[in-house]
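Structure record follows, encoded as structure tokens.
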Amino acid sequence: MERTDGVWNREHVLMQTVRDAERFLMQRPGMRSVDVGTSHTAFEFEHTLTGCRILALQSLRSTGTIAGVYDSGDEVVVVWLKSGLGTLRDHPVPIGRPTLYRREPDPFRWDGFEKDVLHISRRVVEEVAAERGGWEIGPLEFDPLWVPQGAPLAAWWVMVQQVADAILAGPSQVTPARQQQLARIAAGGLLFAIPHWPVGQTQASPAQSRLARAEEYLLEHARERVSVPDVAAAVGLSVRGLQQAFRREHSISPLVFLRRVRLGMAREELLEGGDITVADVAAHSGFTHLGRFASAYQSAFGELPSDTLRGSAGAQERL
């Protein structure tokens, strides 16, 4: 499917033979080789993709095994495994953590899996990174084995959810300007989560733009009492200027961004479980009112924080 500007192109396939799945995958851009197998009597492969030339969200699931080599080319491709097993470059892919394909042929293997994949124009990612870092636009290096956690991981999910809502639940017809904005939001989420630097440099440098410094300030102080004037003063912006910058770049205010990050941090902690209470998690995530936390959490994730905790990995281990 050719992805064009001005519309969300939508594609869905469901296949029940190894041969059909293998033929379909080999026709995908960037696929250098692929081998599909199954140990199940009933094989199934499902693929959906919605997007445009500079941004696309893809979901895949299969009861079988899919292995091969993929080259991301002119896209930055981020995958997060929802269930099953996966490896990239012979390294295990953790469940629920964004993992990057490199900008070179990358070996992969997925087994009995469900995963989502975000495709972002590499040019857009490089432009956003250059603005944040204060360097010239150019190729980037990413830490290939980095596993994000805490506030940066929560910020990634804030951006992914915002982009996914717009792509999947929004209108099919969308202006190129809106597509560009959403691609920049997705790029910003990725840059929150994964350390990066220009090719030729040895490590990441501190952010230079005032907006980027404001974002980092919010993430660093996410568990503390923070006000918009605090953030504005810390980065040398007026309150109005900070509000406008956030709405222009992220379509939300700084406090909405912070609240969503805190909710994401709380969810990760609840999913891990262990010897904790909902009140502990709320306080640790920067919420001072338990009732408001529970209401906001339910609105964001469709369940109460106590439900998440009961279904957590720690709770299952205790059963």
Whether Arg89 and Asp106 form a salt bridge (side-chain N of Lys/Arg under 4.0 Å from carboxylate O of Asp/Glu) is what I want to check. yes
4.5 Å side-chain heavy-atom contact, Asp20 and Phe45: no
Beyond-backbone contact of His250 with Glu215, side-chain heavy atoms, under 4.5 angstrom: yes
Decide yes or no for Phe142 and Leu140: does some side-chain heavy atom of the first lie under 4.5 Å from some side-chain heavy atom of the second? yes
Flag side-chain contact, heavy atom, 4.5 Å: His47 against Leu49: yes
Give me each pair satisfying salt bridge (Lys or Arg N to Asp or Glu O under 4.0 Å) with a member in residues 173-185, each pair once, sequence neighbours excluded. Glu131-Arg184, Arg184-Glu249
Would you say His12 and Glu46 make side-chain contact, with heavy atoms under 4.5 Å? yes
pair Gln201-Glu141: side-chain heavy atoms closer than 4.5 Å: no
Atom pair CD/CG of Glu224 and Leu258 - distance to nearest 0.5 Å: 10.5 Å
Tell me whether the centres of the aromatic rings in Phe257 and Phe192 are closer together than 6.0 Å. yes
Would you call Glu303 and Arg267 a salt bridge, using N to O less than 4.0 angstrom? yes
Would Thr288 and Arg225 count as having a side-chain donor-acceptor pair, cut-off 3.5 Å? no
Find the distance between CZ (Arg210) and OG (Ser238) and round it off to the nearest 0.5 Å. 9.5 Å
Taking side-chain contact (heavy atoms from CB on, under 4.5 Å) as the criterion, tell me which of Val231, Val256, Leu211, Val228 meets it with Phe246. Leu211
Those residues that, when tested against Glu220, pass salt bridge (charged side-chain N to carboxylate O under 4.0 Å, His left out) (two or more places apart): none
What is the minimum heavy-atom distance between Leu81 and Pro94, and which atoms define it? CB-O, 4.1 Å
Which pairs pass ring-ring contact (aromatic ring centres under 6.0 Å, His included) with one or both residues in residues 49-90, sequence neighbours excluded? Tyr70-Tyr101, Trp80-Trp156, Trp80-Trp157
One thing to verify: whether Arg28 and Glu11 come together as a salt bridge, which I'm taking to mean a side-chain N less than 4.0 angstrom from a carboxylate O. yes
Between Arg103 and Glu126 the two heavy atoms that sit nearest each other are NH1-OE2, 3.6 Å
When you compare the side chain of Glu22 with that of Arg19, does any pair of heavy atoms fall below 4.5 Å? no
When you compare the side chain of Ile194 with that of His196, does any pair of heavy atoms fall below 4.5 Å? no
